[in-house]
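Here the structure is laid out as structure tokens; the discussion comes afterwards.
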Amino acid sequence: MNQPNRAPRWLSRLALLLTLLVSWNAGAQAGSCSAVACVAAGPRLLSVDSQRSVILNGLFQGLLGGGSLTLSAADWNAIANADVNLGLFLNALKAGADVGTTAGALNTDVTLLQVLDVAAQAAQTSGNTAAVNALNLLRPALSAPNGTIRLGDLLKLEGSSAAFLTSQVNLLNLLTGSVQLFNYRNAVTTPTPVTLNALNVSLSGLGLGVNAVTPTVRVYLQVIEPPVYRCGPQGTQFNTAAIRAKLNVDLGGVQLNALGLTGGKLTLTTLDLYLEVAKASGTIGTVDAINRALSLDAQPGVAQLGLGQISDSVFFNRSDANYENPFGLLTQATIGTVDLSVRVPVPLLPDLIVPIVLNVRAKALADNTYLLSTTTAAGPYPQTYTVGSSSAAVGTLVGTLLTSLGTPGNLTLELRDPAPLVPTALLTGTISAALSPVLSTLGLVLRPVLEAVLMATVDQVLRLLGIGIGEAVFTVGGVGNVCAVTGVVYHDRQPDGTRDAENWDDPTTFVNAVTGGRVQASAAVPAGAGTFTLALGEGTYTLPVARTAAAISAGNPAGFVFVSPLNGTRTVTVTAASTSVPEQEFGLFQGDRLSGVVFRDDGRGPGGAAHDVAQQGAETALGARTLTVSGTQAGAAVTRSAVTAADGSYTLFVPGDWTGVAFRSGASATEVVTGVRLNGVAALTGDVSDPALRDYALPAPSGADQTLNAGLTGRVGLTPDRSGRGEAPLTVRYAHTFTPGTTGTVSFATTGGFGGQVFLDSDCSGVVSDAERTAVGSVTVDDSWPRLPDGRLRSCALEVEVTVPAGTAVGTTRATFATASLAWAGRPDVQDLASVTDTTTVTPGAELVKTVENLTRADGVIAPAVDALPNERLRYCLNVRNTTPDPLTGVTVSDTLQGVAAYVPGSLTLEGAALTDAADTDAGEIVTRTITVRLPDLTVGATQRVCFEVLVP
């Protein structure tokens with residue numbers, strides 16, 4: 001019957017506990033997940049009283065082959081109540097064994113004293129001083145035995161332990177298991193006995209003449225198979241230890257009535273019992289990680305019990321040929337005597353009463369098996385389940401033994417001393433007649449005695465070792481999900497972040513699973529295939545590629561840098577519902593990874609500082625810039641390029657076999673490199689055309705992550721060159737575009753030619769207004785300067801005004817040079833210069849002929865002059881002809897009325913088309929008797945005619 005009980009404390013820890021491994025089907029699909037359960041076999045103590053402390057002392061002494069141990073109940077309780085983090089314990093074990101991996105530590109031979117020291121270190125780290133003090137009391141006993149163990153035989157980490165390293169391990173459980181393993185591995189063949197607490201067996205009501213017996217029981221123990229605790233998927237097996245015990249039962253010569261024998265007395269002295277309890281085993285059935293449920297198939301171990309004698313040199317000697325089946329050598333042993341009187345007839349005399357003593361020699365063997373049972377478990381965990389019952393099983397086992405005792409030849413009576421007065425035939429008959437009553441009497445007395453002895457052995461000793469007779473106790477510590485996280489590390493030769501037919505080179509590399517700041521699992525990456533597998537329980541893990549199995553963060557192997565992902569770390573999450581985990585790929589490149597940002601280094605925004613190669617304030621990132629590295633590979637020139645992202649970031653990979661590597665930051669012809677900052681060290685330009693920064697030399701690639709930021713800024717600009725012609729005197733305004741490029745102080749100057757002045761479109765509207773025609777000599781370009789949407793400083797209009805004095809000979813040509821000189825903000829030593837050339841040529845003017853016609857007379861005479869009388873109307877025409885060798889633009893004609901003639905309103909025309917008199921949007925106007933008309937461009941030889949009328953008063 002399944003009996004869920006309150007979980008013993010050791011099991012509540014062993015539960016998710018003892019890293020007890022994740023072993024799953026060797027054929028499991030890569031990346032697949034499997035629901036797992038943690039199952040521990042056998043109970044442990046919740047507390048230790050004074051009687052059990054004595055037993056524990058003796059038990060440890062017996063399993064270790066001697067020594068002295070005197071821990072008190074308080075000491076044992078301090079150990080039994082101590083739990084330490086399994087990860088701490090295994091880390092301490094790795095340090096103590098001087099190995100780098102958990103698997104290596106578990107497979108290293110260590111002494112019990114080393115196990116004790118590691119446990120004490122873990123307890124000390126956990127702050128459990130009481131446990132440390134109690135553990136130290138075990139040092140003398142654990143330092144005496146010669147021999148070693150491998151903890152991997154107890155803690156079955158047949159895969160990654162990552163799923164269980166955060167669980168707790170109970171120290172008493174750990175020590176008890178380690179001592180059993182030591183006993184098993186080091187073949188202690190002469191066990192030291194453990195004396196059980198006093199027994200009192202009631203015999204009242206049996207008619208034996210004795211109401212009770214108080215046997216002294218000494219138990220000699222040997223572990224024939226160590227315990228194994230496991231966590232795993234469906235099909236995972238677990239088991240208790242298997243124990244071989246010799247029980248020496250001293251009945252103290254108790255004298256009993258031999259029922260059915262008149263006057264017969266049965267004296268029982270010593271019984272030697274030989275007990276072997278095979279491992280109780282179980283198998284994890286269906287596991288449901290989502291609902292935290294599972295089924296268990298469990299079966300108590302086979303129990304064999306022998307009464308009689310087996311040589312210790314066979315029963316406890318692993319090297320003996322009969323060690324595997326010592327019960328085949330079971331022989332009779334004397335267990336007591338029978339006192340009888342034999343009546344011998346004497347002729348002519350009364351019968352002679354002759355006392356005789358018979359040795360009771362016995363052997364018996366019981367061999368019981370127990371049924372497999374299935375049970376289901378559900379949380380909350382831990383939950384303990386019992387299959388079978390020692391109380392019931394012991395009674396059955398004893399009954400089988402007593403039945404075996406009745407087998408002919410197993411119980412015999414032998415004359416202890418010679419009886420010369422008794423005839424042989426009479427003696428033989430007497431002995432034969434006594435056999436059945438003795439057997440019946442033994443059946444009555446041995447049943448309660450053997451049952452009491454065996455139950456005391458189970459309660460006081462075997463359960464301390466996690467086993468019982470006909471009983472299997474298992475505790476489910478928890479149910480979860482574990483995934484085989486697979487992946488590959490490869491040499492990405494392009495590099496493009498995609499694995500082609502690329503394998504891994506030789507550098508020693510690990511992929512670690514990290515959570516809670518600890519490496520929970522590690523897998524070495526083999527050269528060639530580069531594949532790895534990690535078994536991970538529920539949780540979120542970072543997976544860094546690292547140089548050591550203990551690293552919690554990524555570290556690129558010597559000569560390599562990360563490509564995909566760039567930080568060398570991926571993240572995986574295992575949940576209760578996970579069925580698979582995608583394969584994790586890590587691409588690495590042999591050479592350097594060059595990364596950084598490119599930005600406009602002009603000090604934009606609050607907190608910005610220009611021209612220092614430090615992106616501050618609102619300095620604009622430069623995206624879509626093509627950057628290159630160049631060098632030589634095998635004697636040939638080679639290049640690689642990358643385009644900056646919108647945030648100005650980029651990544652370039654430089655192969656490890658390149659030499660003479662240089663970096664070009666993508667500056668255009670209208671930009672200058674303010675400097676570069678390699679790994680935090682700045683190199684600032686001293687000249688706007690510094691070639692050392694345009695092609696910046698890099699160190700030889702060595703598998704390093706290099707950070708290189710580049711600052712760019714615009715160059716000052718003044719465009720375009722202009723030219724003009726005209727007749728002297730002449731004032732010409734040449735229109736230019738001024739681009740400041742970057743922040744600083746700009747000085748303007750003109751030299752040569754006819755001299756000139758500079759006017760600046762200070763609001764950058766695109767034209768120089770009349771209000772802005774004040775000559776400027778310098779201007780400060782700062783963060784208030786208008787900017788384009790992309791962050792560049794806006795270009796503004798600039799005029800250079802040249803004045804040609806009257807009298808300048810036709811054909812005179814002179815060049816005026818205008819310059820804009822920029823001193824960088826924060827770096828006035830760096831100067832940038834732009835200039836334009838404005839060329840002015842003195843040419844003959846356009847031909848102007850003025851004619852007049854008397855409209856009143858209508859005689860058709862058009863001449864330079866005509867006669868006129870009062871009230872007559874005249875039409876004047878200004879006839880313009882371009883007689884110069886060049887087209888003329890901006891030609892304006894004007895005429896001021898002389899004398900008393902009055903202008904006829906509305907009479908103004910250009911090429912016959914009427915113009916308004918007002919100064920408006922058309923080409924002409926009359927203001928205070930002055931007619932002004934602006935002519936369209938005149939090609940060579942072209943003419944234009946302006947006419948107006950006057951009235952003679």
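Ala289 approaches Val479 most closely through the heavy-atom pair CA-CG1, 3.9 Å. Minimum heavy-atom separation, Ser641 to Thr626: CB-CG2, 4.2 Å. Shown here for Ala621 and Gly648, the closest heavy-atom pair between the two residues is CB-N, 3.7 Å. Thr515 and Gln520 get closest at one heavy-atom pair: O-NE2, 3.1 Å. In this structure, Pro544 and Ala551 approach most closely via the heavy-atom pair CG-O, 4.5 Å. Minimum heavy-atom separation, Leu712 to Arg625: CD1-NH1, 3.5 Å.
Side chain of His611 to main chain of Thr674: no donor-acceptor pair is present (N/O by atom type, distance under 3.5 Å, no hydrogens or angles). Thr486 places no side-chain N or O within donor-acceptor distance of the main-chain N or O of Glu583, the cut-off being under 3.5 Å. Here the side chain of Thr111 pairs a donor or acceptor atom with the backbone of Gln114 at under 3.5 angstrom. Listed for the Glu619 side chain is a donor-acceptor partner under 3.5 Å among the backbone atoms of Gly603. Under the 3.5 Å distance criterion, the side-chain polar atoms of Asn556 are left unmatched by any main-chain donor or acceptor of Arg547. Judged by distance alone, with hydrogens and angles left aside, the side-chain atoms of Thr644 form a donor-acceptor pair with the main-chain N or O of Ala624 at under 3.5 Å. A donor-acceptor pair is defined here as one N or O able to donate and one able to accept, closer than 3.5 Å; no such pair exists between the side chain of Asn512 and the backbone of Val514. Using a distance-only test at 3.5 Å, with no hydrogens or angles considered, no donor-acceptor pair links the side chain of Asp117 to the main chain of Gln121. A donor-acceptor contact shorter than 3.5 Å links the side chain of Gln584 to the backbone of Pro582. Under a 3.5 Å cut-off, the side chain of Thr575 and the backbone N or O of Ser578 do form a donor-acceptor pair.
Checked by atom type, the side-chain pair Thr742/Thr713 shows a donor-acceptor distance below 3.5 Å. Donor-acceptor pairing under 3.5 Å is lacking for the side chains of Asn567 and Thr569. Side chains of Ser630 and Thr628: a donor-acceptor N/O pair is absent below 3.5 angstrom, by distance only. Ser795 and Thr739 share a side-chain donor-acceptor pair at under 3.5 Å. Between the side chains of Ser689 and Asp687, at least one donor-acceptor pair of N or O atoms lies under 3.5 Å. Checking Gln706 against Asn679 by side-chain atom types alone, a donor-acceptor pair falls below 3.5 Å. In summary, the side chains of Asn481 and Glu538 do not present any donor paired with an acceptor at a separation below 3.5 Å, with no hydrogens or angles considered.
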**Report entry** Stepwise side chain to side chain contact (heavy atoms under 4.5 Å, CB included) check, Phe586 with Leu543
**Finding:** CA-CA 10 Å; Phe586 296 88; Leu543 305 183; 4.2 Å; yes
Requested in this report: List the steps and the verdict of side-chain hydrogen bond (donor to acceptor under 3.5 Å, both in side chains) for Thr670 and Ser668.
Outcome: CA-CA 5 Å; Thr670 60; Ser668 68; 3.2 Å; yes
Requested in this report: Kindly indicate, with the supporting measurements, whether the criterion salt bridge (charged side-chain N to carboxylate O under 4.0 Å, His left out) is fulfilled by Asp505 and Arg493.
Outcome: CA-CA 11 Å; Asp505 295 0; Arg493 299 177 186 276; 3.6 Å; yes
Requested in this report: Apply side chain to side chain contact (heavy atoms under 4.5 Å, CB included) to the pair Leu536 and Cys483, showing each step before the final yes or no.
Outcome: CA-CA 5 Å; Leu536 303 180; Cys483 294; 5.6 Å; no
Report task. Check the pair Phe748, Val779 against side chain to side chain contact (heavy atoms under 4.5 Å, CB included), reporting the backbone distance first and the verdict last. Result -> CA-CA 8 Å; Phe748 299 105; Val779 65; 3.7 Å; yes
Requested in this report: Kindly indicate, with the supporting measurements, whether the criterion salt bridge (charged side-chain N to carboxylate O under 4.0 Å, His left out) is fulfilled by Arg604 and Asp783.
Outcome: CA-CA 6 Å; Arg604 182 181 184 183; Asp783 203 38; 5.2 Å; no
Query - Leu627 vs Val598, side chain to side chain contact (heavy atoms under 4.5 Å, CB included): CA-CA, chis, key distance, verdict - result: CA-CA 9 Å; Leu627 315 180; Val598 179; 3.8 Å; yes
Query - side-chain hydrogen bond (donor to acceptor under 3.5 Å, both in side chains) between Thr573 and Thr540, worked out - result: CA-CA 4 Å; Thr573 297; Thr540 297; 3.0 Å; yes
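Side-chain contact between Val830 and Val688 is present, with heavy atoms from C-beta onward closer than 4.5 Å. Here the side chains of Cys33 and Val581 are in contact, with some heavy-atom distance below 4.5 Å. You'll find the side chain of Pro740 reaches within 4.5 Å of the side chain of Trp785, heavy atoms only. Taking the side chain as every heavy atom from C-beta outward, Leu718 and Leu798 approach each other to under 4.5 Å. Counting heavy atoms from C-beta outward, Thr148 and Val110 have side chains that stay 4.5 Å or more apart. Here the side chains of Pro655 and Gln590 are not in contact, with every heavy-atom distance at 4.5 Å or above. Contact of the Ser821 side chain with the Gln831 side chain is registered, since non-hydrogen atoms from C-beta on lie closer than 4.5 Å. Pro701 places a side-chain heavy atom less than 4.5 Å from the side chain of Val661.
Atoms OG1 and CG, from Thr509 and Leu588 in turn, are 7.5 Å apart once rounded to the nearest 0.5 Å. Of the inter-residue distances, the one linking Thr548 atom OG1 with Phe510 atom CZ reads 7.0 Å to the nearest 0.5 angstrom. Distance check, rounded to the nearest 0.5 Å: CG of Asp832 to CH2 of Trp824 gives 7.5 Å. Atom NZ of residue Lys94 and atom CG of residue Leu106 lie 9.5 Å apart, to the nearest 0.5 angstrom. One finds the CG atom of Asn709 at 9.5 Å from the CG atom of Leu678 (value rounded to the nearest 0.5 Å). One distance of note links CG of Asn91 with OG1 of Thr125; it measures 9.5 Å at 0.5 Å rounding.
Heavy atoms of other residues, nucleotides or ligands lying less than 6.0 angstrom from CZ of Arg570 number more than 12. Within 6.0 Å of CG on Asp790 lie more than 12 heavy atoms contributed by other residues, nucleotides or ligands.
Residues Arg499 and Asp492 are not paired through a salt bridge, judged by the lack of any N-O separation under 4.0 Å between the basic side chain and the carboxylate. Using a 4.0 Å cut-off between charged nitrogen and carboxylate oxygen, Glu671 and Arg694 do not count as a salt-bridge pair.
Applying the salt bridge (Lys or Arg N to Asp or Glu O under 4.0 Å) rule to pairs touching residues 589-602 yields Arg593-Asp705, Asp602-Arg787, sequence neighbours excluded.
Put simply, the residue from Phe653, Trp504, Phe589 that forms a ring pair (Phe, Tyr, Trp, His ring centres under 6.0 Å) with Phe560 is Trp504. For the side chain to side chain contact (heavy atoms under 4.5 Å, CB included) with Val629, the qualifying choice from Leu708, Thr639, Leu594 is Leu594, the only one to do so.
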